[in-house]
2 protein chains.
Amino acid sequence: MSTIVSVETRDIRFPTSLELDGSDAMNPDPDYSAAYLTIRTDAADGLEGHAFVFTIGRGNDVQVAALDTLRGHLLGQDVEALLGDMGSAWRLLAHDSQLRWLGPEKGVMHMAIGAAVNALWDLKAKRAGLPLWQLLAGMSPDELVALVDFRYLTDAITPGEAVELFRAAEPGRAERTAQLLEQGYPAYTTTPGWLGYSDEKLERLCREAVADGYPQIKLKVGADLADDRRRFAIARATVGPDFPIAIDANQRWDVGAAIEWVNALAEFDPVWIEEPTSPDDVLGHAAISRAIAPIRVATGEHVQNRIVFKQLLQAGGMDVMQIDATRVGGVNENIANLLLAAKFGVPVCPHAGGVGLCEAVQHLSMFDYVALSGTMDGRMIEFVDHLHEHFVTPAAVRRGRYVIPTAPGAGTEMLAASVDAFTWRGAHVGRVPA
Amino acid sequence: MSTIVSVETRDIRFPTSLELDGSDAMNPDPDYSAAYLTIRTDAADGLEGHAFVFTIGRGNDVQVAALDTLRGHLLGQDVEALLGDMGSAWRLLAHDSQLRWLGPEKGVMHMAIGAAVNALWDLKAKRAGLPLWQLLAGMSPDELVALVDFRYLTDAITPGEAVELFRAAEPGRAERTAQLLEQGYPAYTTTPGWLGYSDEKLERLCREAVADGYPQIKLKVGADLADDRRRFAIARATVGPDFPIAIDANQRWDVGAAIEWVNALAEFDPVWIEEPTSPDDVLGHAAISRAIAPIRVATGEHVQNRIVFKQLLQAGGMDVMQIDATRVGGVNENIANLLLAAKFGVPVCPHAGGVGLCEAVQHLSMFDYVALSGTMDGRMIEFVDHLHEHFVTPAAVRRGRYVIPTAPGAGTEMLAASVDAFTWRGAHVGRVPA
């Protein structure tokens with residue numbers, strides 16, 4: 001038996017705003033950051049659990065404060081009991097009635113709870129000697145369903161239906177695992193499409209993306225329609241008429257504006273429009289989806305929890321689900337999201353990029369392929385080639401596909417040297433608005 | 001010209017869990033708390049702006065950290081410029097792209113922004129020598145509409161429509177102000193209905209509520225149906241068949257359970273069911289509202305922002321709007337909420353209680369009466385007789401009506417002695433879950 005003896009947090013910020021990498025219509029100068037959590041035990045194995053919340057700079061200290069406030073829930077816990085019942089581990093954190101008031105189940109506090117849950121999964125996977133995707137894909141349907149909090153979901157999916165979905169995918173798990181390890185998982189790239197880049201850089205990066213074997217690229221839009229039309233035309237001319245190009249407005253528009261703007265870009269044949277409006281606007285997404293069909297609506301990176309995902313699906317406002325590894329309440333809540341997508345027959349194409357999001361979220365898609373959806377059709381994981389060098393097991397893409405991670409853990413551990421080098425020491429790298 | 005020279009925060013917690021005051025189906029042991037903000041300037045008048053976020057204990061430190069992170073936005077600002085354009089003051093805080101990532105517009109960071117906005121309103125009202133409600137009710141329709149961020153609202157209400165709503169209420173402002181000052185504003189009481197109370201205490205408090213002149217009481221429900229039926233029967237027998245009794249489930253149920261439970265209490269004639277399910281579940285509220293009519297659905301104390309309020313109205317999921325003074329982005333966003341309620345013809349009955357929520361939210365209902373809805377029909381403000389003694393200008397109710405505040409400010413300033421006495425010094429008053 002072992003005990004959690006240390007819960008350490010760090011405020012880590014990378015000065016990405018200096019390069020304009022990651023600039024979009026709503027986020028002109030992000031400093032990619034991580035509120036980073038390390039859980040240590042007194043077990044002889046010396047294994048640690050690592051996880052983080054991704055932020056874009058200011059406020060990363062608030063996210064760290066939220067992680068700090070979970071220390072009392074974790075310190076002294078029996079590790080084997082906690083890791084042996086991860087459904088209860090989620091409830092220990094997410095159902096704390098006083099902390100719940102700060103959401104409920106949304107924003108800073110919920111993301112912190114998600115990181116704590118994910119750090120436990122990292123530790124559990126390391127103890128099992130398996131990458132997280134494979135640990136999950138080896139669990140029984142009943143074990144998997146026990147991880148999920150069905151509160152507020154039962155009008156869309158019941159635990160019994162969830163068990164049936166997992167059972168239906170049990171045949172072929174071994175074959176799909178072998179196929180996954182051999183072939184990898186499809187990726188698409190956002191690297192060409194940031195708003196801060198010159199037309200020449202856009203064109204060069206589009207050409208490189210095709211040459212590198214990516215099956216799809218994505219362009220940021222929404223700041224200026226004339227610019228968007230010019231940039232989309234350049235991208236389309238560069239990649240050819242049949243190559244899928246997604247567009248991403250990062251919540252820039254109201255409902256009416258979204259419909260007009262997307263229709264004004266329709267001639268360039270976007271495969272989806274991502275985050276056309278507020279991630280909270282279920283009915284707005286549904287109205288947009290109806291008005292721009294057959295162009296699809298994709299969203300999720302800012303969807304706060306399973307309850308909003310549920311409604312986006314119920315209302316027909318989400319044609320592509322983009323889960324994020326650090327926005328919701330961790331692996332457990334993302335399994336709920338994957339179940340909802342399976343129930344409603346919507347493909348999951350996770351949001352990634354930032355710091356460590358590729359490393360983390362890939363496990364969920366790979367688990368989904370082996371144990372739930374059983375298909376890669378229309379599925380791919382976003383890839384941005386930034387900041388991977390700071391991770392112990394960096395995500396890697398070859399010929400447009402994620403290389404399947406085989407190292408034990410959830411992929412969320414940063415290099416100690418990077419943690420030390422980029423720990424925030426109080427100077428603002430980004431600009432404070434005047 | 002003056003400048004903001006100090007932004008001070010305090011973590012204030014009252015040990016209310018020891019008394020079971022405030023216990024409900026989701027919040028068994030709240031420690032009513034305030035993340036408290038004081039803004040000071042170098043002006044000779046010595047006036048300060050005070051505001052807070054209400055929480056229920058653990059995590060109040062996270063909320064304080066969120067207030068602290070706004071210091072850089074406020075310190076050194078030109079006070080006259082800031083207070084002279086409160087629409088821009090909101091945008092300065094709510095549109096910070098890096099902080100926005102932590103929501104967007106929800107949870108800890110958004111509530112902190114709301115408190116900063118409210119502290120500026122408190123200072124502005126004190127400088128004007130007016131209570132906040134009267135300061136707002138003296139502004140022109142154009143000035144009021146300039147306070148509101150219409151982003152994500154224009155599919156439901158445009159700035160032009162908002163101006164028209166305010167203009168339509170301009171005639172009669174003076175008469176309604178005089179009437180308000182003379183007659184007060186209707187209150188209802190939740191004091192009898194907490195789950196932790198004995199049947200004898202419930203009956204006694206119901207009797208007292210009627211004797212005190214309240215036009216409505218509210219009971220907490222949702223922990224146990226047999227208990228709810230027994231308690232509701234006692235309350236109904238005590239107050240008589242025609243007296244309005246609201247019930248409040250504090251988000252306890254899934255959609256199907258809400259419909260069954262409320263219908264199982266229908267014989268006791270509840271006037272509304274409050275928070276039947278997750279505050280995020282717009283479609284769920286709409287389904288419940290359809291299935292339990294003519295019993296009305298009330299919600300709002302945990303509704304994160306104007307975008308969710310908009311949808312609850314669009315979907316027919318909210319028959320009574322319960323704004324909260326410290327959940328959304330402050331006075332500015334609550335004016336947006338009042339406009340949405342006016343547009344959709346739904347009465348606003350604010351959530352109050354906690355620490356200082358009565359003191360703060362009353363100003364919004366009174367402003368609404370004078371300058372927007374122009375009516376008190378079906379409107380009332382919740383009142384709970386707790387912790388008012390800690391405020392410089394405590395809310396007061398006489399004969400079931402709020403006494404109209406006339407002191408300058410927003411009502412949100414606590415007594416210095418209370419701030420000192422209840423500043424948190426690290427011992428957990430509430431219980432940490434095992």
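So you know, we letter chains A, B, ... as the sequences are listed, proteins then strands, and number each from 1.
The candidate from A:Gly57, A:Ala65, A:Pro104 with the greatest count of non-hydrogen atom pairs under 4.5 Å with chain B is A:Pro104. Heavy-atom pairs under 4.5 Å with chain A were tallied for B:His95, B:Lys106, B:Glu105; the largest tally goes to B:Lys106. Interface check for chain B: of the options A:Pro279, A:Gly76, A:Gly59, A:Ala315, the most heavy-atom pairs under 4.5 Å are formed by A:Gly59. Among A:Ala258, A:Ser278, A:Ala112, the residue making the largest number of heavy-atom pairs under 4.5 Å with chain B is A:Ser278. Ranked by heavy-atom pairs under 4.5 Å with chain A, the first of B:Val255, B:Thr69, B:Val62, B:Asp280 is B:Asp280. Interface summary for chain A: among B:Ser33, B:Ser97, B:Gly107, the most heavy-atom pairs under 4.5 angstrom belong to B:Ser97.
Contacts of A:Asp155 with chain B are made by side-chain atoms alone, with heavy-atom separations under 4.5 Å and no backbone atom involved. Neither the backbone nor the side chain of A:Leu70 has a heavy atom closer than 4.5 Å to any heavy atom of chain B. Within the 4.5 angstrom heavy-atom criterion, only side-chain atoms of A:Gln63, from C-beta onward, approach chain B. The contact between A:Phe150 and chain B is made entirely by backbone atoms, counting heavy-atom distances below 4.5 Å. Using a 4.5 Å cut-off between heavy atoms, A:Arg91 does not touch chain B at all. The contact between B:Val282 and chain A is made by backbone and side chain atoms together, counting heavy-atom distances below 4.5 Å.
How far CZ of A:Phe344 is from CD of A:Gln314: 5.0 Å, rounded to the nearest 0.5 Å. To the nearest 0.5 Å, the span separating CD1 on B:Ile4 from CG on B:Leu82 amounts to 5.5 Å. Rounded to the nearest 0.5 Å, atoms OG1 (B:Thr9) and CG (B:Asp68) are 3.5 Å apart.
Proximity of a side-chain donor or acceptor of B:Glu161 to a complementary backbone N or O of B:Thr158 within less than 3.5 Å is detected. Counting only distance, with no hydrogens or angles, the side chain of A:Asp31 and the backbone of A:Arg13 share no donor-acceptor pair below 3.5 Å.
With A:Tyr32 as the partner, the ring pair (Phe, Tyr, Trp, His ring centres under 6.0 Å) test is satisfied by one option alone out of A:Phe54, A:Phe52, A:Phe14: A:Phe54.
Looking at A:Gln251 and B:Arg151, their side chains never bring a donor and an acceptor atom within 3.5 Å of each other. Residues A:Trp90 and A:Asp149 have side chains that bring a donor and an acceptor to within less than 3.5 angstrom of each other.
Listed by chain and number, the residues in a side-chain hydrogen bond (donor to acceptor under 3.5 Å, both in side chains) with A:Trp253 amount to none (sequence neighbours excluded).
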Exercise. Any chance you could lay out the side-chain hydrogen bond (donor to acceptor under 3.5 Å, both in side chains) test for B:Glu333 and B:His110, step after step, and finish with the verdict?
Key: CA-CA 11 Å; B:Glu333 190 161 24; B:His110 196 54; 2.6 Å; yes
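Contacts between residues 300-309 of chain B and chain A, counted as heavy-atom pairs separated by less than 4.5 Å, involve B:Glu301, B:His302, B:Gln304, B:Asn305, B:Ile307, B:Val308.
Nearest heavy-atom pair, B:Ala66 versus B:Val108, reported as atom, atom and distance to 0.1 Å: CB-CG1, 3.6 Å.
With a 6.0 Å cutoff to the six-membered ring centre and a 45° limit on the axis angle, B:Arg58 does not count as a cation-pi contact of A:Trp101.
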